Amino acid sequence: MNLMTTDESVRTRGTVFDRDGTLVADYRLGNRSGRPAALDLRLHRLPAEAAAPAILTALPGWVVSARADTGAVLLASGGRLLRHLHRYARELDPQADGDGWADPRIEVRPVTSVPPSALYDSWIAAYPPEHPDGTAHPNPEDLDVLYHGSALGPLLDASVVALDRGRAVAAVLVNDAELLGPWISEVFRDPDPAYAGLGARLLRHTLGLAARAGVPSIGLAVTEGNPARTVYERLGFRPGESLMHVVLPGGERETPGGGAVDTSIET
Ligand SMILES: CC(C)(COP(=O)(O)OP(=O)(O)OC[C@H]1O[C@@H](n2cnc3c(N)ncnc32)[C@H](O)[C@@H]1OP(=O)(O)O)[C@@H](O)C(=O)NCCC(=O)NCCS
């Protein structure tokens with residue numbers, strides 16, 4: 001699961017200055033987990049240890065998303081880790097990636113041929129509480145906002161569902177993300193061992209559809225500790241930036257139950 005806020009103005013940037021008026025960092029303004037968020041924070045003062053005091057003073061209680069090395073410094077300064085994620089990207093080639101679907105037991109269709117509710121059971125089962133992206137109470141709305149395009153951008157036609165005798169057992173969602181380009185926002189399969197390997201096969205099929213539709217490259221993000229990383233690497237995805245989402249100490253206490261609804265999709 002990959003998560004960016006829906007309700008922020010994606011172009012609003014904020015800045016952090018030192019006491020002497022020197023620019024220390026800039027970021028994209030958003031919200032996350034009911035808190036204000038400094039997204040894609042970029043340092044103008046290095047090393048991160050030198051920038052951290054001004055950031056901690058300027059943004060108490062905020063969520064900061066930044067490169068993992070900056071995130072580690074903020075953690076060492078009393079921050080709390082929300083998510084550590086790795087971005088991957090893969091170039092597409094309509095010749096090399098363009099194979100069809102070969103498994104006669106499983107029907108593959110555009111995901112929009114089923115309502116998002118048809119995906120809920122397998123999706124929830126794919127993210128048990130012990131999964132790095134799992135929660136005790138998975139929220140189908142997180143899937144709905146990806147399906148309807150309101151979180152990242154519209155779904156691309158390469159988004160597919162795999163059906164076993166009419167039951168949705170796996171899916172891949174690809175969104176045309178405003179800031180990230182074509183983006184695999186979700187891939188999952190039913191955890192029944194009968195479907196082992198189906199996730200990678202469906203993903204490969206999606207890459208072929210996207211390649212034939214003229215999509216030049218596709219990205220995704222995966223949480224640290226998720227074994228799905230090996231699947232992506234085997235499929236030829238190359239690692240890019242590693243990011244951390246860190247809650248800075250201080251500021252308002254988190255509202256029990258969330259306060260503002262967390263509609264964010266981390267990327
Ligand atoms: C990612 C996913 C779609 C891949 O599906 P798949 O291609 O059918 O692959 P599998 O689920 O069989 O597992 C892939 C590899 O991870 C390993 N793996 C899966 N779960 C694991 C776990 N809990 N602990 C350790 N290894 C695990 C498998 O053994 C397999 O490795 P192998 O191929 O070397 O045997 C599927 O694992 C899934 O739905 N995961 C949960 C949702 C998820 O994390 N989605 C990705 C979000 S970025």
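Every number for a ligand or one of its atoms is a count from 1 in the order of the listing. If you're wondering where the values come from, they're calculated on a predicted model, not measured in any experiment.
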Undergrad: Report yes or no: does a heavy atom of Pro132 sit under 4.0 Å from some atom of ligand 1?
TA: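 For ligand 1, residue contact (heavy atoms, under 4.0 Å) with Pro132 is absent.
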Undergrad: Can you name the nearest heavy-atom pair linking Ser77 to Pro249, along with the distance?
TA: O-CG, 3.9 Å
Undergrad: Any N or O of Gly199 that comes nearer than 3.5 Å to an N or O of ligand 1?
TA: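 N/O-N/O distance below 3.5 Å exists for this pair.
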Undergrad: Any N/O of Arg189 closer than 3.5 Å to an N/O of ligand 1?
TA: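 Yes, there is a polar N/O contact under 3.5 Å.
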Undergrad: Looking at ligand 1, is there an atom of it that comes within less than 4.0 Å of some heavy atom belonging to Glu130?
TA: no
Undergrad: Please confirm whether Ala196 comes within less than 3.5 Å of ligand 1 when only nitrogen or oxygen atoms on both sides are compared.
TA: no
Undergrad: For atom CD of Glu91, decide whether the heavy atoms of other residues, nucleotides or ligands shown that lie under 6.0 angstrom number more than 12.
TA: no
Undergrad: Enter the distance from Leu146:CG to Trp123:CH2 here, rounded to the nearest 0.5 Å.
TA: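 Here the rounded value is 8.5 Å.
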Undergrad: Does any N or O atom in Ala200 lie less than 3.5 angstrom from one in ligand 1, N or O only?
TA: yes
Undergrad: For residues 231-242, tabulate all N or O donor-acceptor pairs below 3.5 Å that involve a side-chain atom, not counting sequence neighbours.
TA:
{"residue": "Glu233", "atom": "OE2", "partner": "Tyr88", "partner atom": "OH", "Å": "2.4"}
{"residue": "Glu241", "atom": "OE1", "partner": "Arg87", "partner atom": "NH1", "Å": "3.4"}
{"residue": "Ser242", "atom": "OG", "partner": "His86", "partner atom": "ND1", "Å": "2.7"}

Undergrad: Taking the non-hydrogen atoms of Arg234, is any one of them nearer than 4.0 angstrom to ligand 1?
TA: yes
Undergrad: Looking at ligand 1, does any of its N/O atoms fall within less than 3.5 Å of an N/O of Asp133?
TA: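 Looking only at distances, the answer is no, because the N/O contact criterion of under 3.5 Å is not met.
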Undergrad: Please check if the number of heavy atoms outside Asp18 that lie under 6.0 Å from its CG is greater than 12.
TA: yes
Undergrad: To the nearest 0.5 Å, what is the distance between CG (Leu209) and CG (Asp157)?
TA: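 So the CG of Leu209 and the CG of Asp157 are separated by 9.0 Å.
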Undergrad: Quick check: Asn226 and ligand 1, any N/O pair under 3.5 Å apart?
TA: yes
Undergrad: Going by heavy-atom distance to atom 24 (N) of ligand 1, choose the closest among Gly134, Pro227, Gly225, Ser122.
TA: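 Of the listed residues, Pro227 has the closest heavy atom.
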Undergrad: Can you find an N or O of Val231 that's nearer than 3.5 Å to an N or O of ligand 1?
TA: no
Undergrad: Looking at Asp97 and Arg90, is any side-chain nitrogen of the basic one under 4.0 Å from a carboxylate oxygen of the acidic one?
TA: yes
Undergrad: Who's closest to atom 42 (C) of ligand 1 heavy-atom-wise, of Tyr127, Trp123, Tyr88?
TA: Tyr127
Undergrad: Check this for me: Arg229, atom CZ, are more than 12 non-hydrogen atoms of other residues, nucleotides or ligands nearer than 6.0 Å?
TA: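 Enclosed.
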Undergrad: Would you check the N or O atoms of His131, main chain and side chain alike, for any that come under 3.5 Å of an N or O of ligand 1?
TA: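 Between His131 and ligand 1 (N or O atoms, distance only) the closest approach is under 3.5 Å.
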Undergrad: Kindly confirm or rule out an N or O of Tyr232 lying under 3.5 angstrom from an N or O of ligand 1.
TA: no
Undergrad: Measure the spacing between CD1 of Ile106 and CZ of Arg165 and express it to the nearest 0.5 Å.
TA: 8.0 Å
Undergrad: Enumerate donor-acceptor pairs with a distance under 3.5 Å from any side-chain N or O in residues 187-203 to protein atoms, sequence neighbours excluded.
TA:
{"residue": "Arg189", "atom": "NE", "partner": "Tyr195", "partner atom": "O", "Å": "3.3"}
{"residue": "Arg189", "atom": "NH1", "partner": "Asp192", "partner atom": "O", "Å": "3.3"}
{"residue": "Asp190", "atom": "OD1", "partner": "Asp192", "partner atom": "N", "Å": "2.8"}
{"residue": "Asp190", "atom": "OD2", "partner": "Arg167", "partner atom": "NH1", "Å": "3.1"}
{"residue": "Asp190", "atom": "OD2", "partner": "Arg167", "partner atom": "NH2", "Å": "3.2"}
{"residue": "Asp192", "atom": "OD1", "partner": "Ala194", "partner atom": "N", "Å": "2.8"}
{"residue": "Tyr195", "atom": "OH", "partner": "Asp164", "partner atom": "OD2", "Å": "2.6"}
{"residue": "Arg201", "atom": "NH2", "partner": "Asp103", "partner atom": "OD2", "Å": "3.3"}

Undergrad: Please list, in number order, the atoms of ligand 1 under 4.0 Å from a heavy atom of Ala221.
TA: 48 (S)
